[in-house]
Amino acid sequence: MEGQEQLKKSKVVKIDSKESWVLHISHATKQGYPVVVHFSAFWCVPSIVMNPFFEELASTYQKAKFLALDVDEVKEIASRLEIKAMPTFLLLSGGDPVDKIVGANPDEVKKRVDHFIHSTSSNKFM
């Protein structure tokens, strides 16, 4: 029960199809939200270890869209974006990739996501 309650509160949207990807990316683009994507695989231990950290990031930054995508479930998107290792964190602005962080390094991911979100939101008010 406790795990189900946590899932309901999740700020991370699970992408399970190409259609879901297109829907969420276009919505975020229209709203002007920066997007942070966690590319993972169910069999990749470092990816799984990063899940709670990614949830925490999503709770911290309310003005950004956080997506999680299993590369084995949505191969077409992972391939098109040249995701070759897990975990990979991709930062998108206006639907376009602007930064990619490869590996399970919470400090580096937090630093770059923080900079990305602050620079993206400050550009919106210029």
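All values below come from the heavy atoms of this structure, side chains included, with hydrogens, waters and symmetry mates left out.
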### Query
Among all residues two or more places apart in sequence or in another chain, which pass the side-chain hydrogen bond (donor to acceptor under 3.5 Å, both in side chains) test with Asp114?
Tyr61, His118
### Task
Please list, chain by chain and in numerical order, all residues satisfying salt bridge (charged side-chain N to carboxylate O under 4.0 Å, His left out) with Lys111, sequence neighbours excluded.
Glu108
### Task
Step by step, work out the side-chain contact (heavy atoms from CB on, under 4.5 Å) result for His24 and Glu19.
CA-CA 9 Å; His24 287 285; Glu19 294 75 22; over 6 Å; no
## Note on the structure
Output for pair (Lys75 NZ, Asp70 CG), nearest 0.5 Å, gives 10.0 Å
## Note on the structure
Here the pair of heavy atoms bringing Ala41 nearest to Ile48 is O-CG1, 4.5 Å
### Task
Any pair with a residue in residues 33-44 that passes salt bridge (Lys or Arg N to Asp or Glu O under 4.0 Å), sequence neighbours left out, goes on the list, sorted by first then second residue, please.
none
### Query
Does anything in residues 78-97 pair up under ring pair (Phe, Tyr, Trp, His ring centres under 6.0 Å), and if so which pairs, sequence neighbours excluded?
His38-Phe89, Phe54-Phe89
### Task
Might you point out which heavy atoms bring Gly94 and Thr29 nearest each other, and give the distance in Å?
C-OG1, 3.6 Å
### Task
Find out whether Lys65 and Lys11 are in side-chain contact, i.e. whether some heavy atom of one side chain is under 4.5 Å from a heavy atom of the other.
no
### Query
In Å and rounded to the nearest 0.5 Å, what is the NZ to CD1 distance from Lys110 to Ile101?
12.0 Å
### Task
Would you name the heavy atoms of Ala104 and Pro46 that are closest together and state the gap between them?
CB-CB, 3.9 Å
### Query
Which residues, ordered by chain and number, are linked to Leu90 in its hydrophobic cluster, where ILVMFWY side chains connect at heavy-atom gaps below 4.5 Å, directly or through other members?
Val13, Ile15, Trp21, Val22, Ile25, Val35, Val37, Phe39, Phe42, Trp43, Leu67, Leu69, Val71, Val74, Ile77, Leu81, Ile83, Met86, Leu92
### Query
Would you call Val109 and Met50 a side-chain contact if the rule is heavy atoms closer than 4.5 Å?
yes
#### Entry: Test side-chain contact (heavy atoms from CB on, under 4.5 Å) applied to His115 - qualifying residues, sequence neighbours left out
Ser119
### Message
Applying side-chain contact (heavy atoms from CB on, under 4.5 Å), can you list everything that pairs with Pro52, at least two apart in sequence or on another chain?
### Response
none
#### Entry: Partner set under side-chain hydrogen bond (donor to acceptor under 3.5 Å, both in side chains) for Glu56, not counting sequence neighbours
none
### Summary
All heavy atoms of Phe116 vs all of Pro34, minimum pair found to be CE2-CB, 3.4 Å
### Query
Mind checking what makes side-chain hydrogen bond (donor to acceptor under 3.5 Å, both in side chains) contact with Lys84, not counting sequence neighbours?
none
### Message
Nearest 0.5 angstrom please: Asp99 CG to Arg112 CZ, how far?
### Response
4.0 Å
### Message
Could you check whether any side-chain N or O of Glu82 sits under 3.5 Å from a backbone N or O of Ser79, counting only pairs where one atom can act as donor and the other as acceptor?
### Response
no
### Query
Taking only residues two or more places apart in sequence, or in another chain, which ones meet Glu76 in a side-chain hydrogen bond (donor to acceptor under 3.5 Å, both in side chains)?
Lys18
### Message
Holding to side-chain contact (heavy atoms from CB on, under 4.5 Å), I want the full list of residues that pass it with Val102, two or more places apart in sequence or in another chain.
### Response
Ala85, Thr88, Lys100
